[in-house]
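Each remark here refers to the structure printed beneath this line.
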Amino acid sequence: ALANRLTMEVWPDAMPDHATFCSVALSGGWITVVQVRGVGLPAPYPVRWRATAPEEQAMLTALRAFLAEDLSSVDPYVSRLPPAPFVTVTWMTTLDENMATGLYIQNGLTLPPPLANVAKALGLTKACGLNATAAE
């Protein structure tokens with residue numbers, strides 16, 4: 001895979017100012033994370049570091065789960081967002097010179113193992129709002 005990105009949109013409740021958006025990219029052995037809070041989209045603060053083997057493996061495992069349809073994507077043109085709390089993940093990867101993308105939507109804030117492992121490996125649980133408490 002040459003380019004990999006997961007963008008998580010976390011809505012712990014219905015208040016737009018409480019939403020968190022995290023974009024994680026893995027490219028050329030580097031991880032780049034941009035995190036934004038609220039729909040006002042204040043200036044993002046990107047963070048970049050050299051990916052460790054466990055971080056890279058977690059990202060690639062999550063992307064493989066999407067490609068293998070272990071985590072099912074939805075049609076973004078006809079799918080509706082559930083009531084909060086919910087998480088969406090827009091994913092992208094380049095594999096064999098082809099771009100693959102998708103949208104994953106789930107109720108609640110508890111991520112399935114491949115995505116939870118990415119958040120844990122990269123230390124994003126708190127930064128991306130995935131530790132928020134909500135009546136699920």
Side-chain angles (χ1 to χ4, degrees):
L2 300 173
N4 305 287
R5 180 177 308 274
L6 297 172
T7 301
M8 293 176 261
E9 183 177 333
V10 180
W11 286 78
D13 56 44
M15 296 294 300
D17 288 340
H18 297 165
T20 303
F21 307 85
C22 279
S23 183
V24 180
L26 171 64
S27 182
W30 290 86
I31 298 274
T32 304
V33 176
V34 176
Q35 181 261 338
V36 178
R37 290 191 182 272
V39 294
L41 300 180
Y45 300 99
V47 178
R48 186 169 190 232
W49 68 88
R50 176 66 76 182
T52 65
E55 291 169 338
E56 191 168 333
Q57 186 61 43
M59 280 286 290
L60 295 176
T61 298
L63 288 164
R64 281 187 206 110
F66 285 119
L67 289 169
E69 298 182 4
D70 294 334
L71 296 175
S72 58
S73 293
V74 298
D75 184 338
Y77 299 107
V78 297
S79 297
R80 302 187 80 176
L81 295 175
F86 69 88
V87 175
T88 70
V89 179
T90 304
W91 60 273
M92 174 194 84
T93 189
T94 304
L95 187 63
D96 299 329
E97 299 182 23
N98 294 309
M99 179 73 65
T101 63
L103 173 65
Y104 169 82
I105 300 175
Q106 74 161 49
N107 289 311
L109 302 179
T110 303
L111 295 175
L115 295 173
N117 291 341
V118 170
K120 183 179 177 185
L122 300 178
L124 298 177
T125 303
K126 184 175 180 181
C128 292
L130 294 166
N131 68 334
T133 57
E136 296 185 33

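Heads up: numbering here begins at 1 and tracks the sequence.
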For A84 against P12, the heavy-atom pair lying closest together: CB-C, 4.5 Å

Residue pair L6, F66: steps toward the side chain to side chain contact (heavy atoms under 4.5 Å, CB included) verdict: CA-CA 11 Å; L6 297 172; F66 285 119; 3.9 Å; yes

Q106 versus F86, closest heavy-atom pair with distance: O-CB, 3.2 Å

Common cluster, V34/W30, ILVMFWY with side-chain heavy-atom separation under 4.5 Å: no

From CA spacing to verdict: side chain to side chain contact (heavy atoms under 4.5 Å, CB included), T101, T90: CA-CA 7 Å; T101 63; T90 304; over 6 Å; no

Stepwise side chain to side chain contact (heavy atoms under 4.5 Å, CB included) check, N117 with T61: CA-CA 9 Å; N117 291 341; T61 298; 5.9 Å; no

Minimum heavy-atom distance between C22 and Q35, given as atom pair plus value: SG-CG, 3.5 Å

Pairwise side-chain contact, W11 with L81, heavy-atom cut-off 4.5 Å (strictly under): no

Spacing of CG belonging to L60 relative to CD belonging to E55, to within rounding of 0.5 Å: 12.0 Å

Value rounded to 0.5 Å, distance of CG in L67 from OG1 in T93: 6.0 Å

ILVMFWY clustering at 4.5 Å (side-chain atoms), partners of M99: M92

Heavy-atom side-chain contact between L115 and Y104 under 4.5 Å: yes

Smallest separation among heavy atoms of R5 and L63, with atom names: O-CD2, 4.2 Å

Rounded distance [0.5 Å steps], CG in L26 versus OG1 in T32: 9.0 Å

Spacing of CZ belonging to R48 relative to OG belonging to S27, to within rounding of 0.5 Å: 8.0 Å

Joint hydrophobic cluster, V47 plus M8, side-chain heavy atoms closer than 4.5 Å: yes

same_hphob_cluster(V36, M15) at 4.5 Å side-chain heavy-atom cutoff: no

Let me have the donor-acceptor pairs involving side chains of residues 70-78, under 3.5 Å, with sequence neighbours excluded, atom names and distances please.
| unit_1 | atom_1 | unit_2 | atom_2 | d |
| --- | --- | --- | --- | --- |
| S73 | OG | W91 | NE1 | 2.8 |
| D75 | OD1 | Y77 | N | 2.9 |

Test log, rule side chain to side chain contact (heavy atoms under 4.5 Å, CB included), inputs I105 and R80: CA-CA 9 Å; I105 300 175; R80 302 187 80 176; over 6 Å; no

